[in-house]
Amino acid sequence: MTLSLIDFHSHFVGPRWPLSADHHASAAERARWTGINRQLASVDALLEQVEEGDLAARVVNTPAALFSPGNTLPPDSWQRINDDLGALVSVHSGKLHGLASVDAYGGEAAALELTRAVRDVGLRGVFVDSAKGELLLDAPQARPVLRAAAELGVPVFAHPINPQPLSRQLAPYGRLGTLLARGTVNAATLVALLEGGVFDEIPSLQVVVTTLAIGGVLLAGGFGEASGVRTDAAALLRRHVYIDTMNFHPVLIRAAVDLLGVDHVLAGSDWPIVSEGPIEGRAREGFAAAGLTPAEQAQVAGGNARRLLGL
């Protein structure tokens with residue numbers, strides 16, 4: 001049986017937004033990012049695995065952090081990002097599905113842009129940063145965007161950033177240090193949503209985190225009342241939270257399924273930041289090693305994304 005894979009975690013940055021390698025990074029890291037940036041700006045690269053049949057579709061986002069560190073964009077930039085992505089997915093309908101980008105901490109103006117991007121442009125969710133400065137997604141400034149997403153019936157993809165000062169502290173430890181910092185902030189915003197009462201306040205909110213947030217999922221959903229975690233934490237996670245698979249490691253897939261339910265796990269690769277060739281074979285191998293039945297594999301591969309995005 002061929003898996004009908006939808007890659008929920010794919011990035012693209014159009015030509016309007018210039019990308020560059022980090023000149024403060026090592027020579028090896030600059031070379032790596034030069035290659036990544038070429039793929040980020042290439043429609044052909046974005047579509048290659050879909051055209052070859054390795055993927056059924058990609059869910060695409062445009063991370064402003066890749067060309068505007070700190071997301072200090074002028075307000076009208078968000079509209080241009082969303083219009084550009086909307087035009088791209090319209091041309092490649094069925095192959096690409098787009099997530100709107102907004103400043104999650106931008107209050108009512110950001111909520112209005114999200115509403116426009118979904119209703120008028122046809123985007124199917126919203127891509128936001130897990131944090132901004134000292135703010136996490138439970139901040140009052142983020143409530144308008146979260147409420148708008150819930151009212152529109154679209155998911156919020158809470159993506160990692162490089163939090164400071166943790167990223168600087170872990171920088172000497174290379175790529176692993178960077179991943180740990182990013183995973184920490186992704187897990188932290190999940191815990192903030194749970195403990196900050198956001199899921200209680202917005203009962204239809206649906207949030208997607210990355211595999212890097214697995215520590216937060218484990219702490220909130222796996223430790224339970226004995227460790228002082230609220231007694232309904234596991235139930236709230238299963239109701240509100242989805243997680244992607246990234247590198248298709250069977251241990252992580254199994255943990256995600258056990259903690260959130262097989263219906264809340266999404267195939268996602270973090271392309272092209274993580275680009276390891278054809279996905280279907282790696283996904284099939286990871287799903288099988290995690291003990292998923294064929295029906296469960298189909299759910300994680302694409303069924304859950306179709307349901308979540310209303311495809």
Side-chain angles (χ1 to χ4, degrees), residues 1-17 19 38-64 66-67 77-102 112-128 145 148-157 159 206-208 242 244-245 263 265-275 277-280 283 297-311:
M1 179 184 72
T2 301
L3 288 174
S4 182
L5 272 164
I6 296 177
D7 187 350
F8 191 88
H9 191 165
S10 305
H11 306 296
F12 174 79
V13 178
R16 188 198 297 265
W17 313 103
L19 291 160
R38 272 197 300 270
Q39 290 184 296
L40 278 168
S42 171
V43 176
D44 288 342
L46 182 69
L47 287 166
E48 182 178 7
Q49 288 175 292
V50 179
E51 302 287 6
E52 291 177 349
D54 187 47
L55 293 174
R58 286 192 185 279
V59 180
V60 188
N61 59 71
T62 298
L66 290 174
F67 51 87
S77 295
W78 300 104
Q79 181 172 338
R80 287 183 286 155
I81 290 170
N82 294 328
D83 286 346
D84 288 352
L85 187 57
L88 176 66
V89 300
S90 178
V91 169
H92 301 286
S93 179
K95 298 178 180 179
L96 300 178
H97 309 288
L99 302 180
S101 290
V102 301
L112 287 173
E113 172 53 24
L114 170 57
T115 301
R116 185 197 72 87
V118 171
R119 290 181 175 168
D120 299 344
V121 182
L123 300 177
R124 294 187 173 271
V126 61
F127 176 89
V128 301
V145 165
E151 289 167 6
L152 292 162
V154 300
V156 177
F157 186 10
H159 194 263
Q206 301 288 286
V207 175
V208 181
Y242 291 73
D244 74 11
T245 58
D263 57 335
V265 182
L266 306 168
S269 71
D270 196 15
W271 185 92
I273 314 302
V274 177
S275 183
I279 292 175
E280 188 191 8
Q297 292 184 35
Q299 277 185 274
V300 175
N304 294 335
R306 291 185 181 90
R307 173 174 48 82
L308 183 63
L309 297 174
L311 301 178

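Please read all numbers here as calculations on a predicted model, not as lab measurements.
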Asker: Can you measure from NZ (Lys95) to CD1 (Ile6) and round to the nearest 0.5 angstrom?
Answerer: 14.5 Å
Asker: Below 30° counts as parallel, above 60° as perpendicular, anything between as tilted: where do the rings of Phe67 and Trp17 land?
Answerer: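 Ring orientation, 0 to 90° scale: parallel.
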Asker: Would you name the heavy atoms of Leu114 and Val126 that are closest together and state the gap between them?
Answerer: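 Heavy atoms only, the tightest pair is CD1-CB, 3.5 Å.
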Asker: Check whether the side chains of Gln299 and Arg307 place a donor and an acceptor atom closer than 3.5 Å, and report yes or no.
Answerer: no
Asker: How about Leu96 and Leu47: do any of their side-chain heavy atoms sit closer than 4.5 Å?
Answerer: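 The answer is yes, as the side chains (C-beta and beyond) meet within the 4.5 Å cut-off.
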Asker: Would you tell me whether Asn61 and His9 have side-chain atoms, one donor and one acceptor, within less than 3.5 Å of each other?
Answerer: no
Asker: Might you work through the side chain to side chain contact (heavy atoms under 4.5 Å, CB included) test for Trp271 and Gln49, ending with a clear yes or no?
Answerer: CA-CA 11 Å; Trp271 185 92; Gln49 288 175 292; 4.1 Å; yes
Asker: Can you name the nearest heavy-atom pair linking Ala301 to Ala267, along with the distance?
Answerer: O-CB, 3.7 Å
Asker: Would you name the heavy atoms of Leu309 and Pro155 that are closest together and state the gap between them?
Answerer: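 Closest heavy-atom pair between Leu309 and Pro155: CD2-CG, 3.8 Å.
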Asker: Of all heavy-atom pairs between Phe157 and Val208, which one has the smallest distance, and what is that distance?
Answerer: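 In this case the closest contact between Phe157 and Val208 is CD1-O, 3.4 Å.
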Asker: Apply side chain to side chain contact (heavy atoms under 4.5 Å, CB included) to the pair Val102 and Val128, showing each step before the final yes or no.
Answerer: CA-CA 6 Å; Val102 301; Val128 301; 4.2 Å; yes
Asker: Which value, rounded to the nearest 0.5 Å, describes the distance between Thr62 atom OG1 and Arg80 atom CZ?
Answerer: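 Output value for this atom pair is 13.0 Å.
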Asker: For Ser101 and Asn82: C-alpha separation, side-chain torsions, deciding distance, then whether side chain to side chain contact (heavy atoms under 4.5 Å, CB included) applies.
Answerer: CA-CA 6 Å; Ser101 290; Asn82 294 328; 4.0 Å; yes
Asker: Give the minimum heavy-atom separation between Ala100 and Leu123, together with the two atoms involved.
Answerer: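 Looks like CA-CD1, 3.6 Å.
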Asker: Please report the interatomic distance CD(Gln79) to CG(Asp84), rounded to the nearest 0.5 Å.
Answerer: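 If we round to the nearest 0.5 Å, Gln79:CD and Asp84:CG are 10.5 Å apart.
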Asker: Can you check whether Leu266's main-chain N or O pairs, donor with acceptor, with Asn304's side chain at less than 3.5 Å?
Answerer: no
Asker: To the nearest 0.5 Å, how far apart are OG in Ser269 and CZ in Phe8?
Answerer: 12.0 Å
Asker: Could you report the tightest heavy-atom contact between Gly310 and Arg124, atom names first, then the distance?
Answerer: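 In terms of heavy atoms, the two residues are closest at O-NH1, 3.4 Å.
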Asker: Applying the side chain to side chain contact (heavy atoms under 4.5 Å, CB included) test to Thr245, which of Ile279, Val265, Asp270 qualifies?
Answerer: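 It is Val265; the other options fail the test.
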Asker: Can you tell me how far CG of Leu85 sits from CZ of Phe127, rounded to the nearest 0.5 angstrom?
Answerer: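 Result: 11.0 Å between the selected atoms.
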Asker: Indicate yes or no for a side-chain donor-acceptor contact from Glu280 to the backbone of Leu3 under 3.5 Å, with no hydrogens or angles considered.
Answerer: yes
Asker: Is any side-chain heavy atom of Val59 less than 4.5 Å from a side-chain heavy atom of Ser10?
Answerer: no
Asker: Side chains of Val43 and His92: closer than 4.5 Å at any heavy-atom pair?
Answerer: yes
Asker: Any chance you could measure Glu51, atom CD, to Leu46, atom CG, to the nearest 0.5 Å?
Answerer: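 CG of Leu46 is found 10.0 Å from CD of Glu51.
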